[in-house]
Amino acid sequence: MVHQQRSEAHLSPSSDTEDIVSVLAPRLAHFAGVARTEHVTRAAQEMQVPQSTLSRAMVRLEQDLGVDLFARRGRTVSLTPAGRTFLGSVERALAEIARAAEEVRADADPATGKVAFGFLHTMGSETVPGLIRAFRADHPRVRFSLVQNYGEAMIERLRAGELDLCLTSPVPDAPDLVARRLDEQKLRLVVPADHRLASRKRVRLAEAADEAFVTLEPGYGMRRITDDLCRQAGFKPRIAFEGEEAETLRGLVAAGLGVALLPPPAVPRPGVAELTVTAPRAAREIGVAWLAGHPDTPPVAAFKRFLLSRRGRLLPD
């Protein structure tokens, strides 16, 4: 049996950038300390590492780079021109690492940390501002990074680590996500003010089977819900216009360009009538989702608990 002795990582001239970084990064702070003091013993004392360890690290660093970084005179060292060039970049890199470490610590601070929170466009004018105001009554210094988008895009950003939590509809069902239903929002059939159905309070969706519909684009949760409700009502909607924002659709309806299934507006829109749909039952579930197994910072955990405590009363009356 052949026994191989484990050796420390070493770079070859063909090593790629990723290899260089993984091998050199632990030695950069040691290099900067020696360069600053120009004395191996003092640097070892300041950094609380054995002098022999520091000396070997500097020799290996020079060997890996293939250049002399120091001119040596006993325990005293001075930077070569190559060493001065390297030091400038090392100091900038270490400063950037320190800045990044401070930033992530600040974001995780229980009192002043940050929550990256995504939500649907239709919840941006009233629901989310009210939620954040209520949360900050007990957490006045927690910061928020807010993202408005449609459901699938938010789930993608959640999986990419760009969001901590998101309010979305339909409530997602995926093995890598945790989702909790929070509330339900009734949908209305929105018609022009002079439409044949405008004088009605209630309507069956099948009564709009021959109408042109204006809807959100494919990929939006409301589009999937619209298609499904129309299917339940026995027809496939004839799509006249597709958009990205509910209030734009209301404007198209007011202009007489079609009808739409939409959640209630924050502010009543002139030129349209909003009818209760009696059949099929027209509503959408609103839920909160996050990545399964993803550790929460204290501010994220606090906001998650707050959202879950609002189950059944998430939406304004």
Side-chain angles (χ1 to χ4, degrees), residues 2-116 141-147 156-164 291 293-300:
V2 177
H3 294 276
Q4 292 183 333
Q5 185 176 3
R6 183 178 177 181
S7 60
E8 296 189 24
H10 186 74
L11 295 174
S12 69
S14 61
S15 298
D16 60 23
T17 301
E18 185 175 346
D19 291 334
I20 292 172
V21 171
S22 66
V23 171
L24 296 186
R27 304 175 191 162
L28 298 185
H30 289 167
F31 165 75
V34 174
R36 183 177 62 253
T37 62
E38 294 190 331
H39 199 281
V40 176
T41 302
R42 281 201 300 270
Q45 291 170 345
E46 288 183 6
M47 290 184 285
Q48 297 183 335
V49 297
Q51 179 179 312
S52 59
T53 299
L54 193 58
S55 296
R56 286 196 300 271
M58 293 306 95
V59 170
R60 287 197 300 271
L61 180 59
E62 290 176 311
Q63 291 173 344
D64 288 335
L65 292 173
V67 295
D68 291 329
L69 300 175
F70 298 103
R72 291 168 173 80
R73 295 183 297 276
R75 303 292 184 191
T76 303
V77 297
S78 60
L79 288 171
T80 64
R84 283 193 295 272
T85 298
F86 191 56
L87 177 62
S89 295
V90 167
E91 288 179 331
R92 287 191 294 273
L94 293 175
E96 181 64 17
I97 292 171
R99 184 204 61 77
E102 180 60 29
E103 181 177 339
V104 297
R105 286 173 176 167
D107 286 349
D109 185 274
T112 63
K114 185 173 72 173
V115 179
R141 297 164 62 198
V142 168
R143 297 169 290 125
F144 283 83
S145 173
L146 301 176
V147 174
E156 290 177 5
R157 296 187 71 166
L158 199 64
R159 288 179 168 134
E162 298 173 12
L163 292 176
D164 298 309
L291 274 181
H294 189 74
D296 292 331
T297 63
V300 171

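Below, each value reflects all heavy atoms present in this structure, side chains not excepted, and no hydrogens, waters or symmetry copies.
- The side-chain contact (heavy atoms from CB on, under 4.5 Å) search around Glu103 returns Arg99, Asp107, not counting sequence neighbours.
- Residues meeting the side-chain contact (heavy atoms from CB on, under 4.5 Å) test with Gln51, sequence neighbours left out: Val40, Thr41, Ala44, Ser55, Arg75.
- Residues in residues 41-57 take part in these salt bridge (Lys or Arg N to Asp or Glu O under 4.0 Å) pairs, two or more places apart or across chains: Arg36-Glu46.
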Pair up each side-chain donor or acceptor in residues 81-91 with any protein partner under 3.5 Å, not counting sequence neighbours, and list the distances.
unit_1 : atom_1 : unit_2 : atom_2 : d
Arg84  : NH1    : Leu79  : O      : 3.3
Thr85  : OG1    : Pro81  : O      : 3.2
Ser89  : OG     : Arg92  : NH2    : 3.2

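- Shortest non-hydrogen contact noted between Thr80 and Ala71 is CG2-N, 3.8 Å.
- When all heavy atoms of Pro298 and Ala108 are compared, the pair lying nearest together is CD-O, 3.2 Å.
- Arg72 pairs by the side-chain contact (heavy atoms from CB on, under 4.5 Å) definition with Met58, Val59, Glu62, Phe70, Val77, not counting sequence neighbours.
- Here CZ of Arg60 is found 13.0 Å from CG of Leu65. Values are rounded to the nearest 0.5 Å.
- Considering all non-hydrogen atoms of both residues, Gly113 and Pro299 come closest at CA-CG, 3.8 Å.
- In this view, Thr112 and Asp109 satisfy the side chain to side chain donor-acceptor pair (under 3.5 Å) rule, not counting sequence neighbours.
- Residue pairs satisfying the ring pair (Phe, Tyr, Trp, His ring centres under 6.0 Å) criterion with at least one member in residues 35-66, sequence neighbours excluded, are absent.
- Applying the salt bridge (charged side-chain N to carboxylate O under 4.0 Å, His left out) rule to Arg157 yields the partners Glu162; only residues at least two apart in sequence or on another chain are considered.
- Scanning for salt bridge (charged side-chain N to carboxylate O under 4.0 Å, His left out) contacts around Glu156 gives an empty result, with sequence neighbours left out.
- To the nearest 0.5 Å, the span separating CE on Met47 from OG1 on Thr37 amounts to 6.5 Å.
- With sequence neighbours left out, Arg159 forms a side-chain contact (heavy atoms from CB on, under 4.5 Å) with Ile155, Ala174, Asp176, Leu177, Leu291.
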